[in-house]
Amino acid sequence: MSKKTPQAIRGTQDIFGPEAEAFAHVVETFERIRRLYRFRRVEMPVFERTEVFARSLGETTDVVSKEMYSFEDRGGESLTLRPEFTAGIARAYLTNGWQQHAPLKVATHGPLFRYERPQKGRYRQFHQIDAEVIGAGEPQADVELLAMADQLLRALGITDVTLHLNTLGDGASREAWRAALVEHFRAVRGELSEESQERLEKNPLRILDSKDPRDKPFLADAPKIDDFLSDEAQAFFAAVTSGLDAAGVKWVRAPALVRGLDYYRHTAFEFIPDAGSASAAALGAQSTVLGGGRYDGLIESLGGPPTPAVGWAAGIERLAMLVGAREEPRADAVIVVENDARLADAIALLGRLRQAGFASELLASGSPKKRFDKARKIPAHVLVSFPVAETGETIRLLGDGSPTAAALETLVRGR
RNA sequence: GCGACCAUAGCUCAGCUGGUUAGAGCGCCGGUUUGUGGUACCGGAGGUCACGGGUUCGAACCCCGUUGGUCGCCCCA
C-alpha cells in the first residue's frame with residue numbers, strides 16, 4: 001500500500017464476504033420479525049442538534065463530553081452524530097406530532113457513532129437494530145418487546161443467551177434504593193477500588209457490577225431494590241414477569257442489573273451469553289447482545305409531556321459474530337465464454353436469464369483457456385459454456401441436478 | 001484517558017544465537033498438459049521487512065521513538 005493511500009478511520013470497519021452476509025442476515029431477520037410484531041418502520045437522521053442527546057443524557061456525564069462525535073456546522077450550531085436511536089426517535093415523536101399514533105410501535109436500524117477505544121465487539125461506527133414503544137405505560141408493552149427480542153434471537157439460531165431482568169422501580173423507589181446504596185458503600189469507602197470510590201459520587205448504582213475483587217465482598221450484602229419498591233412498582237414488575245411466563249420467554253432475575261441515567265424506570269433487561277458458552281467466547285469482554293428498558297422520564301426531559309416508553313437495541317456486529325460467517329448465496333447460472341467470437345451471444349443469454357429472475361454472472365476475461373476452470377470454482381446450479389469453435393458444439397450445459405438447474409436448461413436450450 | 005501484545009508479497013505465514021541476492025502456500029498473469037473437464041507441471045509479476053532514529057564490520061531480527069492494528073481496563077446512552 002502506498003503511503004499516500006488514506007487510511008480508514010480508527011474504529012470503522014469494512015465488512016465483506018461471509019461476514020457481510022451474516023450482517024445482512026441479521027438485518028433481514030430483524031425486518032421479518034418486526035413485521036410479525038407489527039412494528040412500523042421509521043428512518044431517522046444520523047445527526048441531530050447536540051442538545052437532543054445531551055439533554056437525554058443529563059449533560060453531566062463523561063459520555064457527553066468524551067464519547068460523542070460533535071461538531072459545529074457552518075452556522076455555528078453544535079451537531080452530533082447519533083450515539084443511540086432512542087433520543088432521536090423521542091425528538092421525532094414530539095416534533096412530528098406522532099402523539100396522534102400513540103401507542104406507537106416503531107423499529108429501525110442503521111449506523112451509530114461513539115468515540116471509544118475500539119476492541120472486540122466495540123467500534124466507533126457500529127450498527128444497531130432498534131425497537132421502541134412510545135406512549136404505552138402498561139407492562140404488556142414490555143412483555144411484547146421482550147417476546148420480540150426473544151423470538152429474534154431464536155430465529156437467528158442464538159440459543160445460548162439468557163434474558164437477565166431487573167426492575168428499578170418507579171422514581172421514588174429508585175431514589176430510595178440509590179440513597180441506601182450510597183450509605184452502604186460510603187461506610188466502607190476506603191476499602192473499595194479507586195474506580196468504585198469515584199463511582200460513589202458519580203454513579204453509585206454502577207458499583208454493583210464492578211469487576212474489581214476488592215469490591216466483591218461488599219456487593220453481596222448491599223441493599224436490594226426489592227426492599228424499596230412501592231406497591232405499584234411491585235405490581236408492575238409482577239405483571240411483566242407473569243406476562244413473560246405466559247409468552248414462554250425464559251428469564252432470570254438480575255438484581256445488580258442497573259441503568260445509570262435518571263430517566264429509566266421499572267424494567268431493565270439484557271440478553272447475556274451463558275457462562276462458558278460459545279457466544280460468551282465469541283463476544284470477548286462484551287457481555288450484552290441486546291439491551292433495553294423502560295424510559296418513562298426521557299420525553300419530559302426533551303420538553304415533551306410525561307410520556308411512558310420502553311425499547312431495546314442490539315448491536316448488529318455482535319449478533320453477526322454469534323450467527324457466524326455465512327456462505328454467499330450460490331449463483332443460479334455462471335456463463336463462461338471460451339470462444340471470444342461468441343461474446344455477443346453470451347451477453348444476450350445473460351440478459352435473458354437475469355430478466356427471468358435467475359442470479360447469473362458472466363466470465364469472459366483473462367486467458368480463454370483458463371476461464372472454464374475459473375467458472376467451475378464459482379458455486380452455481382448451472383454452468384453454461386460457449387466452447388471453442390473446433391468442438392462443433394454451440395453451447396454446453398453442466399447442471400447440478402436441482403430443479404433450478406432443470407428450469408435453466410429448458411430456458412437456455414429452448415430459444 | 002491507561003495497559004499488554006503485535007506489524008515481512010494482494011491474503012495466510014516462515015525466516016535459527018544478528019551473517020551473501022528475504023522465502024513458501026494461496027491468489028493474480030502467461031505457457032504446456034487435459035478436453036464433459038474444478039488436473040498436473042513450467043514460467044512471470046509483485047517486498048523501502050509499517051515509519052524515523054540508534055547500536056554494530058554487518059539489522060527483518062537488538063534498543064528508543066512514531067504511526068497503525070489487536071485485546072483488555074475505564075466508560076457503556
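Both backbone and side-chain heavy atoms feed into the values below; hydrogens, waters and symmetry mates do not. Just so it is clear, the model here is predicted, and its values are computed rather than measured. Below, chains carry the letters A, B, ... as their sequence lines are ordered, and counting in each starts from 1.
Nearest-nucleotide assignment on RNA chain B puts the 5′-proximal partner with A:A285, out of A:A285 and A:R114. With the nearest nucleotide of RNA chain B identified for both A:S365 and A:T86, A:S365 has the one nearer the 5' end.
Rounding to whole angstrom units, NZ of residue A:K120 and P of B:A4 are separated by 21 Å. What separates CG of A:L302 from C1' of B:A77 is a distance of 13 Å, to the nearest Å. As rounded to whole Å, 17 Å separates atom C1' of B:G37 from atom CZ of A:R371. Taking atom CZ of A:R376 as the reference point, atom C1' of B:U34 lies 14 Å away to the nearest angstrom. When the P atom of B:A77 is taken as reference, atom CG of A:L290 falls 14 Å away, rounded to whole Å.
Taking all atoms of both residues into account, the shortest heavy-atom contact from A:L208 to A:L219 is O-CD1, 3.8 Å. Summarising the geometry of A:D340 relative to A:A364, their closest heavy-atom pair is OD1-O, 4.4 Å, with the distance given to 0.1 Å.
Between A:R154 and A:D150 there is a salt bridge, since a side-chain N of the basic residue sits under 4.0 Å from a carboxylate O of the acidic one. Salt bridge present: A:E194 and A:R214 bring a charged side-chain N and a carboxylate O closer than 4.0 Å. Residues A:D227 and A:K224 are not paired through a salt bridge, judged by the lack of any N-O separation under 4.0 Å between the basic side chain and the carboxylate.
On the P atoms, B:C57 is 41 Å away from B:G1, given to the nearest whole Å. The C1' atoms of B:C2 and B:C75 are separated by 12 Å, rounded to the nearest whole Å. Annotation: B:A45 and B:A9 have their C1' atoms spaced 11 Å apart (nearest Å). Here the separation of B:C29 from B:G46, taken at their C1' atoms, is 11 Å to the nearest Å. The gap from the C1' atom of B:G54 to that of B:G18 amounts to 15 Å, rounded to the nearest Å. B:A22 and B:G65 have their C1' atoms separated by 26 Å, with the value rounded to a whole Å. Across the P atoms, B:C51 and B:A4 are found 24 Å apart, a figure rounded to whole Å. As rounded to the nearest Å, B:C64 and B:G23 have P atoms that lie 30 Å from one another.
Here A:R199 lies in heavy-atom contact (under 4.0 Å) with sugar-phosphate atoms only. Residue A:E116 is classed as a base contact, given a heavy-atom separation below 4.0 Å to a base. At a threshold of 4.0 angstrom between heavy atoms, the contacts of A:Q119 include nucleobase atoms, whether or not backbone atoms are also involved. Heavy atoms of A:E270 sit nowhere under 4.0 angstrom from any nucleic acid atom. As judged by a 4.0 angstrom heavy-atom cut-off over every strand, A:Y264 is placed among residues touching the sugar-phosphate backbone only.
Of the candidates B:G37, B:C73, B:A77, B:G37 carries the atom nearest the A:F372 side chain, counting heavy atoms from C-beta on. Relative to the side chain of A:R206, the nucleotides B:G38, B:A77, B:U70 differ in distance, and B:A77 lies closest. The side chain of A:R396 lies closest to B:U36, out of B:C74, B:C2, B:U36. For A:E67, the listed nucleotide lying nearest its side chain is B:C75; candidates were B:G38, B:C2, B:C75. The A:P83 side chain lies nearest to B:A77 when the options are B:A77, B:C74, B:G27. Of all nucleotides listed (B:G38, B:C76, B:C74), B:C74 comes nearest to the side chain of A:E195. The nucleotide whose nearest atom lies closest to any side-chain atom of A:Y263 is, among B:G27, B:G35, B:A77, B:A77. Between B:A77, B:U36, B:G38, one nucleotide has an atom nearer to the side chain of A:L398 than all others, and that is B:U36. Nearest nucleotide to the side chain of A:K211, out of B:G37, B:C71, B:C73: B:C73. Of all nucleotides listed (B:C28, B:G1, B:G35), B:C28 comes nearest to the side chain of A:K374.
Neither OP1 nor OP2 of B:C75 sits under 4.0 Å from any side-chain N or O of A:K202. Contact annotation: A:R10 side-chain N/O to B:G68 OP1/OP2 distance is under 4.0 Å.
If you check B:G44 for Watson-Crick or wobble pairing at under 3.5 angstrom, you find it paired to B:C28. Judged by Watson-Crick or G-U wobble contacts below 3.5 Å, the nucleotide B:U21 has no partner. Pair check for B:U34 finds none; no Watson-Crick or G-U wobble contact set falls under 3.5 Å. Across all strands shown, B:U66 is found opposite B:A50 as a Watson-Crick or G-U wobble partner, with both distances under 3.5 Å. Base pairing of B:C73 is made with B:G1, judged by Watson-Crick or G-U wobble geometry with both donor-acceptor distances under 3.5 Å.
Contact of A:R122 with B:C71 (side chain to base): no donor-acceptor pair of N or O atoms is detected under 3.5 Å.
Between A:F236 and A:L229, every side-chain heavy-atom pair lies at or beyond the 4.5 Å cut-off.
Using a 30° and 60° split on the angle between ring planes, A:F71 and A:F47 fall in the parallel class, below 30°.
Surrounding CD of A:E19 are at most 12 heavy atoms belonging to other residues, nucleotides or ligands under 6.0 Å away.
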